[in-house]
Amino acid sequence: MLNTLFETVDSIITRDPAARNRFEVITCYPGLHAIFLYRIYHFFWVIDLKWLARFLSLLARIITGIEIHPGAKIGRRVFLDHGLGIVIGETTEIGDDCTIYQGVTLGGTSLYKGVKRHPTLGKGVVISAGAKVLGGFTVGDGARVGSNAVVLKEIPAGATAVGVPARILHPDLPQTHDSESKAYFSAYGITPNVDDPVSMALKGLIDASLEQESKIVALEKALAQFSNTAVSPESNKAQSDTKRDLGAIKEWLKE
């Protein structure tokens with residue numbers, strides 16, 4: 001258990017720039033305390049001392065502000081950053097090197113006993129602050145969940161989920177869990193070089209609208225020449241205003 005503790009401390013120093021030394025991490029990080037206490041009462045749960053395990057988990061919750069059910073399965077080097085308000089349900093499975101921020105719920109949506117009600121996180125998953133992952137599905141290796149997202153379905157490996165309900169984005173980033181992973185670690189699930197599919201769809205609609213406006217102007221000019229009449233200033237002004245408004249919306253979506 002001490003070896004597991006030491007490697008967890010080193011992984012926290014790697015992922016948290018605020019961590020100055022091992023002594024500070026061991027004494028001042030409630031997420032580390034919660035994981036260490038979980039290892040103890042999970043052992044009692046496995047040997048069928050379930051009441052004792054639940055009671056110790058309650059004490060750990062009071063001390064750390066983090067609720068981990070003793071039946072959950074948690075891998076190595078898991079970092080509960082800040083940690084306050086994290087809830088991890090009974091059938092949750094968390095892979096190695098995952099990072100979970102404050103206010104996260106790994107919850108279940110089924111009321112049936114003896115079934116897989118809570119999510120399974122692969123290796124290197126990042127669950128950002130306030131996110132809710134609800135259900136017995138799998139979040140793939142290296143996936144990221146953005147702040148306050150509500151995830152109700154499976155996330156492929158390496159993808160990012162954002163929004164309510166969560167939408168799946170696919171970043172173009174190297175997938176690695178070795179010593180190079182620090183270069184691509186995504187604090188709070190923020191992923192660069194990714195476009196929201198909803199924003200992209202809106203941009204496409206705006207582009208189509210601008211193209212239609214241009215065609216309408218061309219048609220009006222052709223009709224005016226055919227009938228030897230000029231296009232009215234009011235029509236030109238309305239078209240210009242519409243084009244300006246659509247352009248402003250498009251620029252806003254790009255930000």
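Since the model is a prediction, treat every value here as computed from it, not as a measurement.
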Apply the hydrophobic cluster definition, ILVMFWY joined by side-chain contacts under 4.5 Å directly or through others, and give me every member besides V150.
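Hydrophobic cluster check, V150: joined to L134, L152, V164.
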Starting from L58, walk the hydrophobic network (Ile, Leu, Val, Met, Phe, Trp, Tyr; side-chain heavy atoms closer than 4.5 Å) and list everyone else you reach, by chain and number.
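I62, all in the cluster of L58.
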Qualifying residues under salt bridge (charged side-chain N to carboxylate O under 4.0 Å, His left out), relative to R20, sequence neighbours excluded:
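Counting only residues at least two positions away or on another chain, R20 forms a salt bridge (charged side-chain N to carboxylate O under 4.0 Å, His left out) with E24.
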Applying salt bridge (charged side-chain N to carboxylate O under 4.0 Å, His left out), name anything that partners E93, two or more places apart in sequence or on another chain.
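Partners of E93 under the salt bridge (charged side-chain N to carboxylate O under 4.0 Å, His left out) test: none.
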Which pair of non-hydrogen atoms, one from [X] and one from [Y], has the smallest distance, and what is that distance?
{"X": "D16", "Y": "Y29", "value": "OD2-OH, 2.8 Å"}
{"X": "A166", "Y": "V151", "value": "CB-CG2, 3.8 Å"}
{"X": "C98", "Y": "G124", "value": "SG-N, 4.0 Å"}
{"X": "V78", "Y": "G95", "value": "CG2-O, 3.5 Å"}
{"X": "I155", "Y": "A161", "value": "CD1-CB, 3.6 Å"}
{"X": "L37", "Y": "A60", "value": "CD1-CB, 3.8 Å"}

Close side-chain approach of P119 to T138, heavy-atom, < 4.5 Å:
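Counting from C-beta outward, P119 and T138 never come under 4.5 Å.
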Is the shortest side-chain heavy-atom distance between K123 and D97 below 4.5 Å?
no
Hydrophobic cluster membership, [X] vs [Y], 4.5 Å side-chain cutoff:
{"X": "V46", "Y": "L49", "result": "no"}
{"X": "I47", "Y": "L56", "result": "yes"}
{"X": "F36", "Y": "I74", "result": "yes"}

Would you give the length of the straight line joining atom CZ of R39 to atom OG1 of T8, rounded to the nearest 0.5 angstrom?
6.5 Å
Does anything in residues 53-73 form a ring pair (Phe, Tyr, Trp, His ring centres under 6.0 Å)? List the pairs, not counting sequence neighbours.
W45-H69, W51-F55
Would the distance check show the side chain of D96 and the main-chain N or O of G75 forming a donor-acceptor pair, the cut-off being under 3.5 Å?
no
R15 side-chain N/O to I13 backbone N/O, donor-acceptor pair under 3.5 Å
no
Tell me which pairs pass salt bridge (Lys or Arg N to Asp or Glu O under 4.0 Å) where either residue lies in residues 112-121, with sequence neighbours left out.
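Qualifying pairs: E90-R117.
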Inter- and intrachain pairs under salt bridge (Lys or Arg N to Asp or Glu O under 4.0 Å), touching residues 56-76, at least two apart:
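Listed by first then second residue: E7-R76, R61-E67.
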Apply the test side-chain contact (heavy atoms from CB on, under 4.5 Å) to residues I35 and F79: give CA-CA distance (whole Å), side-chain angles for both, the deciding distance (0.1 Å), then the verdict.
CA-CA 8 Å; I35 291 292; F79 180 24; over 6 Å; no
Residues which pass side chain to side chain contact (heavy atoms under 4.5 Å, CB included) with [X], listed by chain and number, not counting sequence neighbours:
{"X": "S57", "value": "Y41, R54, P70"}
{"X": "L84", "value": "none"}
{"X": "A34", "value": "T64, I66, I68, L80"}
{"X": "I63", "value": "none"}

Which of these passes side-chain contact (heavy atoms from CB on, under 4.5 Å) with I100: L121, V145, V133?
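For I100, the side-chain contact (heavy atoms from CB on, under 4.5 Å) test succeeds with only one of L121, V145, V133, which is L121.
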Report the C-alpha separation of L106 and I94 in whole Å, then their side-chain angles, then the decisive distance to 0.1 Å, and conclude whether the side-chain contact (heavy atoms from CB on, under 4.5 Å) test is met.
CA-CA 10 Å; L106 304 179; I94 302 176; 3.9 Å; yes
Under the side-chain hydrogen bond (donor to acceptor under 3.5 Å, both in side chains) test, which residues partner T91, sequence neighbours left out?
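T91: side-chain hydrogen bond (donor to acceptor under 3.5 Å, both in side chains) contacts with H118.
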